[in-house]
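In what follows, a structure is listed as structure tokens, so that the remarks can point back to it.
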Number of protein chains: 2
Amino acid sequence: MTDTPAKARPRTRIQREKQDVILDAALNVFSTHGFRGATIDQIAEAAGMSKPNLLYYFTSKEEIHRRLLTGMLDLWLDPLRALDAEGDPMPELRSYIRRKLEMARDFPRESRLFANEMLQGAPHAIDVLEGELKTLVDDKAKVIESWMAEGKIRRTDPYHLIFSIWATTQHYADFDVQVRAVLGKDRGGDGRFEDAARFLEHLFMDGLRPAKG
Amino acid sequence: MTDTPAKARPRTRIQREKQDVILDAALNVFSTHGFRGATIDQIAEAAGMSKPNLLYYFTSKEEIHRRLLTGMLDLWLDPLRALDAEGDPMPELRSYIRRKLEMARDFPRESRLFANEMLQGAPHAIDVLEGELKTLVDDKAKVIESWMAEGKIRRTDPYHLIFSIWATTQHYADFDVQVRAVLGKDRGGDGRFEDAARFLEHLFMDGLRPAKG
DNA sequence: CGGAAATTTGACCAGTTGGAAAAAATGTTA
DNA sequence: TAACATTTTTTCCAACTGGTCAAATTTCCG
């Protein structure tokens, strides 16, 4: 009786496959409409099955959302976890930025799911934010501070540095429509991520002030 | 018959007042739940009136949303409009960043309303993005490019520069929960905007690479 | 005051929502 | 193939959704 209900863990091939299909469809819907704006019917149709059939695999709308959110949070924090205290500061930060930008490019739906959750005040994720996330950021902020103390990078606020990396990279997933609209047809194509990568490297390395001499 | 319907323009004191109350309440609801996630009942209750009463002042949910969106877009673009080609480049950019950050601090709900709209693919704002916004950004990008040509600021992509300013400043409104959670009780208070301002100035001016000598 | 205009309310409606129940269909395995 | 477990469909429901309408109330102005 203390067992996890059958639906929580897939036991058959069909369960595994269908759950994946459902989660993928749900990610599409939740990431664009948010939790309250999404409907089970919508998800079911996108998954190519009837609503009651979908509810055979997940007990509720909330369960699907929870699964997506926890699943993506893990993925989401990988790049920051990879920031290596033993590595060379500037290349470490550069590759962190690059990796985060790649995530925005390759997992835009996950980024938007998270953004939706934040906009709503993180009702389902506040514990993770104040727990695991804060712990991880505190840890990496110390690493960055030690790099500053060694004079390897300029002295600033490590927390806001991390925020600025999150903001600038995720922007290309969350505000994709705006980015495309502003860049127009000619520059809004696939090349925009390389342009962004080049720009962000410039920005975070040297800022805007012209080099002297 | 070609008149704008009475409800569009307030004629009495009560209409003016109530419409303001409704718009304020609707801003709260729309900015946290998005368009589809918000309900008229919710807005009406937040505005302290019954649903039919609210619908006496606005003909539909969409009308309220449209009013909020167009109203805020104007406000939102003011700082960029103020970027002066004749001014000193570095101070101009610095004060643009500062102003955008102040907007994130003073109008977080408007920022979230806009963010929600972007996440959903800008169904109600795509015209503005491809029209007015693109035109304005094209214009200001040229200004920035001329500053680069004069050697007043370092040479990079002006579009992505603008994106990065939007991203880093709006982050403090849209991801406020996360920012607070990560900074914790001690640093997550009112001082976070000043810290952010200081950091962003550092970042955009000089980047992270340590100064030589 | 008194009447007209503006405002508010209560009852209502058709469509949608998340979800339950049970029966029917399908798969699996001895 | 028979017995069993899994999967799918059909039907249904109560709550909620955006919105209407007429009646009741309040405000405004001469």
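Labels below follow one simple rule: chain letters A, B, ... track the order of the sequence lines, proteins then strands, and each chain is numbered from 1. Everything numeric in this text was worked out from a predicted model, so none of it was measured.
dT17(D) atom C1' lies 15 Å from atom CD of Glu45(B), rounded to whole Å. The interatomic distance linking Met49(B) (CE) with dT9(C) (P) rounds to 9 Å, in whole Å. To the nearest angstrom, P of dG19(D) lies 10 Å from CD of Glu63(B). Between Lys18(B) atom NZ and dT26(D) atom P the separation is 13 Å, expressed in whole Å. Between the CD atom of Glu17(B) and the P atom of dA6(C) there is a distance of 17 Å, given to the nearest Å. When the C1' atom of dT27(D) is taken as reference, atom CG of Asn53(B) falls 14 Å away, rounded to whole Å. Spacing between atom CD of Gln15(B) and atom C1' of dT8(C) amounts to 13 Å, rounded to whole angstrom units. Distance, Arg16(A) CZ to dG27(C) C1': 16 Å, rounded to whole Å.
Side chain to side chain, Thr70(B) and Arg66(B) fail the donor-acceptor criterion of an N or O pair below 3.5 Å. No donor-acceptor contact under 3.5 angstrom links the side chains of Tyr159(A) and Asp195(B), judged on distance only.
One finds no salt bridge joining Asp157(B) and Arg192(A) here, because no Lys/Arg side-chain nitrogen approaches an Asp/Glu carboxylate oxygen to under 4.0 Å. Using a 4.0 Å cut-off between charged side-chain N and carboxylate O, Asp138(B) and Lys142(B) make no salt bridge.
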Can you build the contact string for nucleotides 13-25 of chain C? Use B for base contact, S for sugar-phosphate-only contact, and - for no protein heavy atom under 4.0 Å. ----SBBBB----
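The side chain of Tyr56(A) places an N or O atom within less than 4.0 Å of a non-bridging phosphate oxygen (OP1 or OP2) of dT7(D). Contact annotation: Ser50(B) side-chain N/O to dT9(C) OP1/OP2 distance is under 4.0 Å.
Between Trp166(B) and Phe163(B), the angle of the ring planes lies from 30° to 60°, which puts this pair in the tilted group.
Within the model, atoms CD of Glu130(B) and NZ of Lys185(A) stand 8.0 Å from one another, a figure rounded to the nearest 0.5 Å.
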